[in-house]
Every structure is written in C-alpha cells, then in structure tokens.
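Quick note: numbers below take in every heavy atom, side chains included, and nothing from hydrogens, waters or symmetry partners. Order of the sequence lines sets the chain letters (A, B, ...), proteins ahead of strands, with each chain counted from 1.
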Amino acid sequence: MIQSFIKRLFSPKSQELVLRLSILALVYLYAFSIRLFSVLRYESVIHEFDPYFNYRSTIKLVTEGFHEFWNWFDSDSWYPLGRVVGGTVYPGIMITAAAMYKVLTSMSAWVQLRDVCVFTGPFFAGNTALIAYLFGCELKDRGTGLVAAALMAVVPGYISRSVAGSYDNEAVAIFALLATFYLFVRSVRLGTVSSAALAAFAYLYMAASWGAYVFISNLIPLYVLVMIAIRRYHRRLYVAYTTFWAIGGLLAMQVRFIGSNHVTSHELLSFNVVWLGLQAWELLMWLKARTTTAQFARAIGTTIITAVGAVVGGVVLLTLTGKMTPWTGRFWTLLDPTYAKKYIPIIASVSEHQPTTWSTYVFDVHLLVFGAPAGLYFCFKSLRDSQLFLITFALTAIYFSGIMIRLMLVAAPAFVLLGAIAVSTTLYTYTAHLWEVEPVEGDAAASTAAAAAAGPTPVKKSKSKSASKSGGFAPLPYRRETAILVCALVMFGLVSYSRHCNWVTSEAYSSPSIVLISGWGPYRMVLDDFREAYYWLRHNTAPDARIMSWWDYGYQITSMANRTVIVDNNTWNNTHIATVGRAMSSNESAAYEIMRQLDVDYVLVIFGGLSGYSSDDINKFLWMVRIGGGVYKDHVQEKDFISESGEYTIAEGATPTMLDSLMYKASFYDFGNVMTEQSKPTGWDRVRQKEIARKHYELDHIQEAFTSEHWIVRIFSVKDLANRAER
Amino acid sequence: MSRLCTVLVLAACLVASAAAADFVVENASRRINLKNTWAKAIDTLKAKNTGGSDLSNFVVCYPESIASRIAVLKVLIKKEKQEVAPLQQAPQGAPAGVSCYQATFKSTVKKGATVDLDVVATVTGVFKPNPAKIAQGEKQYVEYYDNLYLLSPYEVTEQSSTVLLPTSDVRSFSPQDGGSKSGSKVSYAALGKQGPWAVQQLKVHFHHDKPFKRVNSLVREIEVSHWGNIYVEETYEIQNAGSQHTGKFSRLTYAHSPDGKTNSFPDVKAHLPAAAHSLYYKDIIGNISSSDTTHTSRETLIEVRLRYPLMGGWKTDFTLGYSVPLEGFLYRRPKGKLRLLMDLSTSFDDVWVEQLTTRVVLPEGAKHIKATLPFADIQQSWDKKFTYLDTAGRPVLVLSKSNVVPEQNKPFAVDYSFTFTGMMREPLLLISVFAAFFAAVALYNRLDFTITRDEKWQEGQAHDKALGLIQSLTEYWDREADVLDRLVRLAHSISNRPSADAAPASRQALEAELRPLDEQAAGGCVSALVVTASRQALEAELRPLDEQSKALLSQVEALSPKLAAAARNHGDKSKVLLGRAAKLLSDKSDLIKKDVAAHEASAKLAGATRQLEEAIREWVDEGAKLAQG
C-alpha cells in the first residue's frame with residue numbers, strides 16, 4: 001500500500017504535477033511580492049490620484065451598502081454641479097475590494113479596508129499570472145503556459161498599474177481582459193454554449209472594471225472577420241461568437257455607465273454588425289443547401305446588396321436622428337494620434353495620453369521586444385485558431401500602445417504571450433539536444449591528441465565523413481554545443497529580464513507620489529506635504545468649505561481632506577475645468593469674481609520652487625491657460641503668457657499677464673523673501689532654476705491660510721467682500 | 001448601589017448643614033498657581049473645632065465655574081489624603097452658584113482642637129482667552145476668575161491670597177485694593193476677618209506664554225494576548241485650546257521669525273514603558289512620517305510631531321500604537337487568577353484629556369473579570385470585540401472618565417481567570433478547519449459524480465487503471481534503458497586499450513574517462529573476457545525484472561488490450577535493442593582481438609553505433625509517451 005503510494009508519488013506524472021504546481025505557486029508569490037516595494041519602502045498607502053477616488057467609493061460601498069453606492073450622487077465634487085457617481089463609474093474594482101473585505105471580516109480577520117485596497121493590485125497580479133498560464137496552455141502547451149505565467153508575473157508594463165497601493169481599475173481589468181480572451185479562445189476550440197457563456201461573464205467583469213472593454217468588443221469581431229477572410233470559419237466559432245454576443249452584451253448593459261450604449265454607440269458597432277453578418281451568412285448557407293446553384297447565384301447578389309444597404313442606411317439614419325452616438329474624442333485619438341492635440345487639450349494634457357517612445361517599450365517589456373517578433377513567427381508557422389487570435393490581439397494592441405503610453409498596459413499581455421511562445425519553442429527545440437550522447441567521443445579525443453597542432457578543422461572533417469558514411473540526413477555538427485549556447489543565451493535573457501523588472505519596479509513604479517522620499521539612511525528626507533495640507537483642510541476648515549484647485553488634486557482632496565472641490569480627475573465637464581483654468585490665469589480681481597460665483601472658500605496650489613518638486617502647478621500652468629482659452633477665447637490667450645523671446649517663463653521678461661495671474665501670485669507669495677540656495681539671490685526657483693521676476697507684493701482678495709512645511713501645498717482663503725468704506 | 005449613595009449623600013448634607021458653624025478657620029492662605037496650562041489652587045487652612053462635639057467632616061466650596069472643571073480635589077492632613085465626596089446640595093446659607101465637597105477625616109477632631117488642612121484643587125480649562133482671536137505672532141492674553149476669599153461655610157479669621165502667573169505681563173487684576181503685583185505674582189496679603197460665604201470676584205488678565213494642549217478625546221485600547229504580547233493603541237484628537245488664530249498663517253513668519261511660533265506647538269512628547277516595541281504613529285490617511293523615539297533603560301521617549309503645527313484653535317487627530325511584553329504587566333495570582341496592571345491614561349506631557357475611554361480587551365474565554373480602579377468617578381461598561389479567529393468575541397471592559405490631568409495617570413488592575421484550554425482554542429480551530437478542508441478535498445477526489453456509466457466511462461476507468469500499471473512497468477524500462485546505455489558505453493571503452501599503447505598522452509586522458517564507468521569495465525585493462533563477463537552480469541540483472549514485467553503486462557491485458565499491445569510491443573523492441581547492443585559489443589571485441597587499431601574499429605562501427613543510439617533514444621521517448629498515456 002505505502003510502497004505503491006510512494007511509487008505513485010515518484011512516478012513522472014506526479015512529479016511533473018508537483019513541479020508544475022510548485023512553479024505556479026512560486027510565480028504567484030513572485031508576482032505578489034515584487035509589487036510590495038512601495039509598502040516596504042514607504043507604507044501601506046493608496047497611491048497617486050485616481051486610486052483615491054476608487055478608495056473613497058469603496059469606503060462608501062462598504063459603509064453604506066450597494067444600493068446607496070449604486071445611486072450615489074456625489075455633491076462633494078464638481079461644485080455646484082455634483083456628479084452622479086453611480087452612473088459614471090466602473091464599479092468593478094470597488095465591488096471586488098468590498099467583497100474581499102467582507103469575506104475576510106466574515107472569517108473574523110481584523111483587516112482594514114485600506115489594506116485590502118492596497119493589496120488588491122498584487123493579489124490580482126498573481127491571478128493574472130495564472131490566467132496567463134492557462135492562456136499559454138491553450139495557445140501551445142503547458143511549458144508555454146508556465147513561461148507565460150512567469151513572464152506575466154513581472155512584466156513592468158503591468159506592474160506599473162498593479163503595485164501595492166495602486167488601487168486602480170487597470171489592476172483588475174488586465175486580469176479580466178486576459179480571462180475574457182482566454183475563455184473566448186477556449187470556447188472557439190470547444191464550440192459549446194457553456195464555455196462561451198463563461199467568456200461572457202468574464203466580459204461582464206471587464207466591462208464593469210475598465211473603459212477598455214471596448215477593445216475586447218472590437219477585437220473579437222475583428223478576429224471573426226480574420227477567420228472568415230482566411231477561410232477558417234467554422235460552426236464552433238459561430239456558436240462561440242453568437243453566444244458571447246448575446247449574453248455578454250446583455251450583461252455589459254447592466255453596468256449603469258454603459259447601459260444602452262452597448263447597442264447604440266458607434267464604438268460597439270462592429271460588435272453588433274458582425275453578429276448580424278454572421279446570421280446572414282448562416283442564412284445564406286442554409287439557403288444554399290436547399291436551392292440549386294443557379295437559383296442561389298441569382299438570389300445572393302440582391303440579398304447582399306439589400307442587407308448591406310439596410311445596415312449602412314440604418315446606422316446613418318439612427319446616427320443622424322441622434323439615436324446612436326458617434327465616436328468619442330478618446331476613440332478618435334486612437335485612430336488619429338494628432339486628433340487630441342487639435343481638438344481636446346484636456347486629453348492631450350495628461351501625461352499618460354502621450355505617444356509612446358521606443359525607450360518606453362524596452363523599459364516596459366524589455367526582452368519581449370525581441371521575443372514578440374519571434375513569437376509571431378512561431379505563431380504563423382503553426383497557425384492554430386488560438387494562435388491566430390493572439391496574432392490579431394498582439395498586432396492591434398501593439399499599434400494602440402504606440403499611440404498612448406497608457407495602452408502599454410494592454411500590449412503587455414500580448415508581448416508576454418508572444419514572448420512565452422518564442423522562449424518555450426526555442427527551449428523545446430534545443431533542450432532536446434542537450435542530453436544527446438556524443439557518439440564519437442573516444443574518436444574525437446584520439447584525434448585531438450594526434451592532431452593537436454593541426455587545429456579543429458580535421459576533426460570536423462572526420463566527423464562529417466563518418467556522418468556521411470552512415471548515410472541518411474546528417475545532423476548538424478556541434479549540436480550539443482549550439483544547444484548549450486542557445487539555452488545559456490535564453491537563460492541570460494530571462495535572468496536579465498527578471499533583474500530589469502525588479503529594478504524598474506523598485507525605481508520607477510513604487511513611489512506612491514503623495515509622499516516623497518529623497519536620499520538614503522541619515523540623509524533621508526521625507527516630504528509629506530500633501531497629506532499635511534490635506535489633513536489640515538480636513539480638521540481646520542468648515543465641513544462644507546469649497547476648495548478650488550487644478551483638477552489633478554480633486555480626488556485627493558475629496559478623499560483625504562473630505563472637502564468639496566470644484567473640479568476633479570473625472571474631467572467630465574470641460575467648461576467647468578476651463579472656468580477654473582480661467583480663474584487661475586486671470587488677475588486677482590477677475591479671479592475673485594469667478595471665485596465668488598463658484599462659492600470658493602479656499603484656493604489650493606502646488607508649488608515646487610522651494611523643494612524642487614517639479615510637477616507643480618507652475619509647470620502645468622500652460623495647460624490651464626490652453627484649456628481655459630479653449631472655452632473663453634476672449635479672456636485667456638496663450639500668447640499673453642509667452643515672453644517676447646518666445647519662452648514660457650516666470651523670471652525676468654515674464655509678461656505682465658503672467659505676473660498678475662492668480663497662479664503666479666499664489667505660488668510665489670512671500671517667496672521673494674526666501675533664500676533657497678546658497679550664493680543665489682532670494683526668490684530663486686529651484687525647479688525653473690531662475691530668479692522670479694516679481695517679488696514683494698501683497699494679495700488683495702485672498703490670504704495665505706496654510707502652507708505646508710516645504711511649501712509644496714499652499715492654501716489661500718478667499719476673503720469676504722470688504723465692508724463698506726468707513727466714513 | 002446608587003440609591004444607597006443618594007441616601008448617604010442626603011444624610012451627609014444634613015450633617016453638613018448642622019455642622020456648618022462648628023469650625024472656624026483661623027488662618028487661610030490661598031496660593032493659586034496659573035503657571036501651567038491648568039490652574040492649581042492650594043488652600044492651606046488652620047481650622048479650630050469650636051462646636052460642642054468631636055467633628056469628622058469638613059466642607060470645602062468653590063464657585064460653580066471652577067467646581068465644574070475640577071479634575072482633582074485633595075484634602076490633606078499632614079500629607080495624608082482624606083476622603084472627599086461631592087455634596088449634592090450646597091449647605092444652607094450658601095449663595096447661588098456654589099458647589100461644595102465634604103471631606104471625611106480618618107480621625108475625628110476633638111472639641112476645641114485645631115487641625116491643619118491642605119486643600120488642593122487642579123482645575124482645567126478655566127482660562128478664558130481675551131482677546132478671543134489673535135493673529136500669528138501676537139501675544140496670548142487670558143483671564144482667570146476665582147473668588148478672592150476662601151469660599152467657605154465657616155468663618156475665616158485671617159486670610160491671604162496669592163496668584164502665581166507664568167509671566168510678569170499682567171494687563172489688569174481686580175480688585176485693585178489690597179492687591180499688589182511684584183514680578184509674576186499678584187498677592188493680597190491681609191484680607192482680614194470674613195464671615196461665612198464671603199464673596200468677591202477675583203479676576204486676573206495676563207499673558208500666558210504656553211500653548212494650551214487639550215486632548216478632546218482619547219480612546220485607549222489595551223489588548224491582551226496570552227501568546228506573549230499586550231497591544232496598546234491610543235487614538236487622540238488634540239487641539240490648541242488657546243486664543244483662536246485669525247488672519248493669515250504665514251509659513252515664512254512661522255519658520256523664520258522669532259515670534260512666529262508663539263501660541264502654537266508642533267509636537268507632544270510621551271513617556272512609554274521601556275519595554276515598548278513595534279511603535280507606530282498614523283492617522284486615517286496613513287503614516288505620519290515625522291516622529292522620533294529614544295530608548296533608555298527607564299522609558300521609551302517618543303516625540304510625536306503632528307502633521308502640522310497647531311495654531312490657536314487648530315486641531316488634528318492621530319493614532320499611536322505600541323506593544324509591551326506580558327512580563328511586568330500581567331501577574332499570576334493565587335487560584336489560577338491573573339492580574340493585569342496598566343496605566344489608566346495618556347503618558348503625554350502637558351496635556352489634559354477631556355474625555356478618556358480605556359478599553360481593556362481580554363482574551364476570548366476570560367472569566368470572573370473584576371477591575372480595581374484608582375478613582376471613584378470612572379464609569380464601567382462592557383463590550384465585545386471580534387478579531388482573528390474569534391467565535392464568541394473577546395470581553396471588553398470599557399472605562400470612561402472625563403477631565404483627566406497627567407497626575408491622574410495611575411495604574412489600574414483587572415483581575416480575571418483564564419485557562420490553558422482557552423489559549424489553545426484558536427490554534428485548534430485553525431488546525432481543524434484545515435484538516436476539514438483537506439478531508440473534503442480527499443473525499444471529493446474519491447467520489448465519482450458521473451451521471452451515466454456508459455461504455456465510454458468504463459473504458460476511461462480501465463484506461464486509467466492500465467496507465468497506473470504501466471507506470472510501474474516504466475521502472476523496468478528505465479532499468480533496461482540504463483543497461484543499454486551501459487552496454488554502448490562499454491563498447492566505446494574497449495576501443496581505447498590499443499590506442500593507449502600508441503599514444504601515451506591520450507591514454508592518460510582516456511583512463512581518466514574510464515574511471516567513472518562501471519566497475520567491471522574500469523579495471524584498467526579491458527579484456528574481451530571481462531567484457532563478456534560484465535555483459536552477462538548486466539543481462540542477469542534484467543532477468544527477475546523480466547518476470548515481473550510479464551505479470552504486470554497480463555494485468556494490463558485484462559484492462560486495456562490496446563495499451564497492453566503497445567506495452568508488449570515496447571518490451572519486444574527492447575529485446576531487439578539488447579541483441580543489437582550485444583552484437584555491437586562482440587563485434588568490437590572481435591576487432592580488438594584481431595589487433596585492429598581502436599580508432600579504425602570505432603570508425604568501422606560508427607554507423608552501427610549511431611543507429612543503435614538513435615534507436616535507444618527513440619525507444620526511451622516512446623516509453624515516456626506510453627507512461628503518460
């Protein structure tokens with residue numbers, strides 16, 4: 001009994017299973033732990049901007065329940081408009097974190113919601129690695145799956161949005177994206193309704209999590225079209241697609257933010273039209289089986305023309321009557337990279353919407369830049385349905401990643417899967433030669449001894465001779481050596497990939513950006529100014545105080561300071577943002593008018609001149625001018641802020657409009673009396689490396705209410721109207 | 001209990017009113033110390049029993065505005081504390097707005113005897129800022145109101161009052177008559193004889209240079225784990241209770257100007273136990289990155305820097321947590337009882353606490369809980385807390401008290417009983433949950449949820465079983481592969497002997513190569529005889545295995561003829577391969593025997609060798625495939 005058990009335990013099959021499971025477990029651990037740099041180096045805290053909104057919504061969801069969250073009208077943002085959060089949010093990540101929190105607390109774990117949110121990213125990274133494993137198995141074999149899981153676990157392109165604390169939609173969305181693709185590919189292979197329904201549920205999760213669900217619902221029809229074009233269309237594909245369309249579409253419409261857009265939006269037109277097309281195709285096939293060739297030929301022409309005409313006409317008519325919504329700006333930007341710059345400055349002003357540079361590719365996917373073309377080659381070589389899907393996915397994703405840095409995130413899994421195929425195929429090919437016994441060892445040794453001086457050529461000759469003597473297809477010489485070399489190269493590549501990923505994660509992607517640390521050991525400097533100021537707002541201003549700041553800080557203020565903001569990162573109302581931009585770029589009295597109208601109590605600006613923090617408001621100011629000028633053309637003009645020499649400056653030569661603007665006056669108030677660097681004059685701006693032009697001035701309508709320790713956050717209170725002049 | 005109290009108090013009132021005239025205070029000296037951020041009034045009295053009997057009660061009174069803010073009231077006779085209880089009703093003849101307390105002496109005062117009393121009252125929050133709002137850098141002035149005379153139901157023969165101030169900057173004091181100011185002191189030396197209930201308002205308006213650190217609320221949670229730790233977490237809301245800051249707050253002035261920081265404080269200092277470890281300092285938006293700790297043998301000093309400096313009226317909150325070991329805080333008592341000894345309040349300097357709540361979380365299963373408290377006015381209640389692996393919840397003793405000053409940070413004790421089984425409850429729970437999980441999985445794997453058991457299913461079952469058998473067959477095949485491999489290597493090794501004579505240099509290299517080979521072959525000089533012998537030995541090794549494999553094969557046959565055929569075919573192939581290997585060996589031996597040069601012999605047989613090796617490799621691959629089904 002025991003013997004047979006032990007025998008079983010050591011049989012190749014169980015050993016393979018144990019090995020595979022332990023590799024997967026290690027991959028999972030690796031994926032989780034590589035994302036903990038930020039927690040170890042800083043603390044367990046939510047990062048950056050958008051995650052703060054997600055965190056705040058999760059608190060709402062947990063404390064007040066799903067119903068309240070679903071119908072949430074947030075009056076703390078976009079004053080005085082407010083925001084219908086329930087209807088304008090992708091609730092996937094919040095529901096996920098809230099569910100995890102509830103499960104943990106129901107198991108009597110004493111966890112804080114913040115910690116659950118912080119670790120959602122790493123947790124889902126592990127899950128994504130597992131999905132990559134399954135996808136790899138589906139694409140080729142288990143070996144590929146394991147490589148894919150390992151590569152996926154640490155690919156920096158994904159780490160950038162899933163480190164601990166980066167509580168953002170993308171952290172779960174990439175998991176949902178890969179899961180949808182994997183399940184769809186699987187359902188195409190199986191051709192069963194149940195498998196397609198499963199894929200549809202994964203699609204629901206994706207649709208509930210991230211706006212890029214549109215990518216799925218365009219990629220899958222594209223894949224169907226490609227399959228038809230290369231004559232690989234089969235009934236299993238039909239079953240998979242139509243089921244996915246029906247269930248997936250219905251499910252996605254349950255997300256309030258999507259709703260009927262799933263049918264009426266042009267962004268999902270291909271999803272619906274391809275479904276129609278497939279029905280027509282099947283109808284034709286059905287007719288064909290029941291008619292003679294001549295009848296069929298007669299019928300087909302007219303049918304196709306009427307059908308296409310009806311669809312095109314219908315779409316145009318519905319669009320013109322406003323029943324269908326045309327493509328949005330963000331979508332146009334994807335097709336035409338220059339679109340945003342021309343028409344929507346607010347999209348172009350976001351750094352993650354900039355075009356990607358080549359170095360970003362090496363930075364974000366490293367080895368896989370070279371692995372992907374090889375992977376594509378191998379895919380084309382043995383073109384399975386699943387591999388064709390990968391090709392379609394990879395080509396489109398890589399194209400989109402070139403347009404916006406942000407979409408690197410979607411391309412990363414494609415790179416990973418292609419790279420995994422390349423690496424595993426190469427390893428399979430060459431490891432087979434590794435254990436080969438060299439047949440002519442003794443011979444070779446003898447000849448080396450005999451002809452030590454003659455060099456390696458004769459040995460080669462004798463070898464090839466013996467090979468030719470034995471007849472048949474002669475294997476290449478030095479097979480084992482080549483195999484060792486190639487394997488060593490691949491190993492080297494993988495090791496350097498892993499080292500690169502560690503380095504990138506620790507250096508580039510693990511900073512929470514609300515607390516800044518510079519230096520090491522005793523020279524460590526902590527700049528915790530953001531939280532200092534937000535916490536001051538939270539405790540020392542009226543509970544209904546309204547804060548005006550540039551939209552970047554909106555989410556952080558509502559979440560950390562618990563105060564009402566005028567605009568925030570949701571950017572749904574361009575005019576409102578432009579109004580704030582106009583206020584910031586007007587002179588004090590004009591700004592005062594606007595602030596009075598908006599009931600502003602405090603103005604908050606970010607200022608890096610003293611500390612050297614470079615992403616401050618003065619550096620963003622030109623975007624405020626542009627966005628403000630985009631709406632209020634008569635009041636704000638970019639040229640007023642550009643000096644005669646054509647540069648944007650706050651130093652000598654700055655324009656009077658610039659020096660009078662609220663932004664300048666708020667940022668540099670009192671700064672003229674400060675010595676920032678030795679041997680430099682007072683008022684030396686350490687970010688711009690210039691001496692400011694206007695130094696000693698007083699403020700008329702606002703007054704300094706709080707400035708953080710290193711002056712990064714400056715808050716000014718808006719004064720009441722002055723009393724009538726005294727007699 | 002409370003009813004009994006009321007009765008007692010009412011009784012006391014009656015006694016007090018009766019006794020009101022029985023003492024005469026011969027000399028009263030009042031010292032009101034306002035140097036700190038709270039007031040401390042010390043009345044030194046000499047009282048004579050002029051009544052007709054021995055007395056053991058003495059009544060002290062304060063204006064309502066002060067009485068409502070008294071944190072500590074002590075009546076001392078020769079530094080010995082006497083019992084003090086508030087009177088529900090002021091004695092007869094008292095003016096409105098007066099609250100009184102009654103001290104009960106431990107030993108009675110004899111008729112006609114005198115007694116020396118010290119009455120000490122610590123009063124918080126009685127400074128009234130005037131002006132109420134000041135700008136940054138301005139001086140903070142506050143007003144203090146009290147009764148100039150000793151407020152007493154007794155006649156006072158002689159008295160004096162002194163007010164000690166933090167600075168000499170006094171705007172005004174009243175009454176002016178009889179008072180004099182010297183330095184930071186305002187004194188009324190000879191106030192003369194006064195009857196009972198002498199009232200005159202004393203008001204001092206002066207510059208107070210200390211920031212008023214008020215903790216609005218403090219929640220302390222002390223959680224005991226019998227696995228070796230006591231967790232303490234303190235959540236504070238702290239406010240600058242001085243004059244309100246108004247106008248702008250200039251960071252420049254704050255940082256660079258000498259009086260920019262007046263009337264504000266950036267930090268508070270706490271003295272934690274020396275054994276404190278795992279400190280943390282945070283608030284609801286994360287860690288507060290600025291704090292400093294110093295460990296000494298006596299204490300752990302932590303300087304808690306607040307997120308921002310607190311100007312007048314500003315407030316903030318934070319949480320400070322630390323752990324201490326059980327040693328020194330938890331003691332074993334007779335009869336298996338335990339006693340927890342912890343401090344009641346905060347260990348921060350210079351702060352007073354408006355509302356203190358101390359929660360003592362005892363381990364799940366603690367029973368017979370009883371607290372011994374240092375103050376009578378602490379309220380007790382009960383709560384439950386659920387943390388890791390709790391099923392019934394941990395009992396929480398909630399102690400609350402208002403208006404606490406640092407001198408009241410006294411230890412309190414909680415006695416309870418807790419057994420070893422209670423301690424093992426959670427690990428056992430964990431073990432059983434995991435065991436149940438594994439058992440469920442094991443069970444699930446052994447159950448069959450197939451609905452239909454058709455031929456296909458049976459075939460699958462048989463196939464699985466056959467595969468299991470083939471797994472055992474592979475062991476035999478592995479041995480065979482090993483033997484084949486060794487035979488081929490043996491063939492290689494023979495070639496080397498003659499070449500050794502020809503080239504001594506290469507011989508050494510080859511000998512080195514030979515060493516790791518089979519013992520039979522590595523005898524140094526390899527003869528054909530030895531080869532044959534070793535070959536026979538190798539083949540003999542296989543014989544018993546052969547028998548076993550046949551038995552196994554017949555079992556497979558019964559389950560899956562297809563698999564059995566494949567396995568048998570595989571086995572037959574191995575026989576052929578063995579034959580070929582043997583032939584190779586003998587060919588080579590023959591050649592060597594004919595004194596053919598080794599390399600020539602090898603060259604002649606190279607083709608055959610290569611083919612054999614390829615065949616072996618293929619055969620091994622095939623075996624692996626078979627084993628995986």
S.K.: Walk me through whether B:Tyr388 and A:Val111 qualify under side-chain contact (heavy atoms from CB on, under 4.5 Å).
M.R.: CA-CA 9 Å; B:Tyr388 290 105; A:Val111 286; 3.9 Å; yes
S.K.: Does the distance from a Lys or Arg side-chain N to an Asp or Glu carboxylate O, for A:Glu709 and B:Arg307, drop under 4.0 Å?
M.R.: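 Salt bridge absent between A:Glu709 and B:Arg307.
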S.K.: Just give me the residue among A:Met107, A:Arg531, A:Arg114 that pairs up with chain B most often, heavy atom to heavy atom, under 4.5 Å.
M.R.: A:Arg531
S.K.: Considering residues, nucleotides and ligands other than B:Arg305, do more than 12 of their heavy atoms fall under 6.0 Å from its CZ?
M.R.: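 No.
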S.K.: For the candidates B:Leu306, B:Asp283, B:Ile288, B:Thr391, which exhibits the highest count of non-hydrogen atom pairs separated by less than 4.5 Å from chain A?
M.R.: B:Asp283
S.K.: Check whether B:Phe386 gets within reach of chain A through its side chain, its backbone, both or neither, counting any heavy atom under 4.5 Å.
M.R.: backbone
S.K.: Does A:His710 have any ring-ring contact (aromatic ring centres under 6.0 Å, His included) partners at least two apart in sequence or in another chain, and if so, which?
M.R.: none
S.K.: Where does A:Ala109 contact chain B at under 4.5 Å (heavy atoms): side chain, backbone, both or neither?
M.R.: both
S.K.: How long is the straight-line distance from CD1 of B:Ile285 back to CZ of A:Phe530, given to the nearest 0.5 Å?
M.R.: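 Interatomic distance, A:Phe530 CZ to B:Ile285 CD1, rounded to 0.5 Å: 12.0 Å.
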S.K.: Determine the minimum heavy-atom distance between A:Tyr535 and B:Tyr308, stating which atoms define it.
M.R.: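 Smallest heavy-atom distance, with atoms named: O-OH, 3.5 Å.
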S.K.: Report the distance from atom CD of A:Glu43 to atom NZ of B:Lys282, rounding to the nearest 0.5 Å.
M.R.: 10.5 Å
S.K.: Sequence neighbours left out, what passes ring-ring contact (aromatic ring centres under 6.0 Å, His included) with B:Tyr254? Give chain and number order.
M.R.: B:Phe249
S.K.: Nearest heavy-atom pair of A:Glu704 and B:Arg251: which atoms, and what distance?
M.R.: OE2-N, 3.4 Å
S.K.: Between A:Trp711 and B:Leu252, is any pair of side-chain heavy atoms under 4.5 Å apart?
M.R.: yes
S.K.: Would you check if the side chain of B:Asp390 reaches a backbone N or O of A:Ser108 as a donor-acceptor pair within less than 3.5 Å?
M.R.: no
S.K.: Using 0.5 Å steps for rounding, measure from the CZ atom of A:Phe706 to the CE atom of B:Met311.
M.R.: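 Going from CZ on A:Phe706 over to CE on B:Met311, the span is 10.5 Å.
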S.K.: Between chain A and each of B:Thr253, B:Asp317, B:Leu389, count heavy-atom pairs under 4.5 Å; write down the option with the most.
M.R.: B:Asp317
S.K.: Is it the backbone or the side chain of A:Tyr669 that comes under 4.5 Å from a heavy atom of chain B, or both, or neither?
M.R.: side chain
S.K.: Between A:Phe716 and B:Lys248, is the side-chain contact (heavy atoms from CB on, under 4.5 Å) condition met? List the steps.
M.R.: CA-CA 9 Å; A:Phe716 295 82; B:Lys248 74 172 184 181; over 6 Å; no
S.K.: Given a strict heavy-atom distance threshold of 4.5 Å, which part of A:Asn540 is in contact with chain B: side chain, backbone, both, or neither?
M.R.: side chain
S.K.: What do you reckon, is NZ of A:Lys102 surrounded by more than 12 foreign heavy atoms closer than 6.0 Å?
M.R.: no
S.K.: For the residue pair A:Arg538 and B:Ile284, what are the closest heavy atoms and their distance?
M.R.: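 Taking every non-hydrogen atom into account, NH2-CD1, 3.0 Å.
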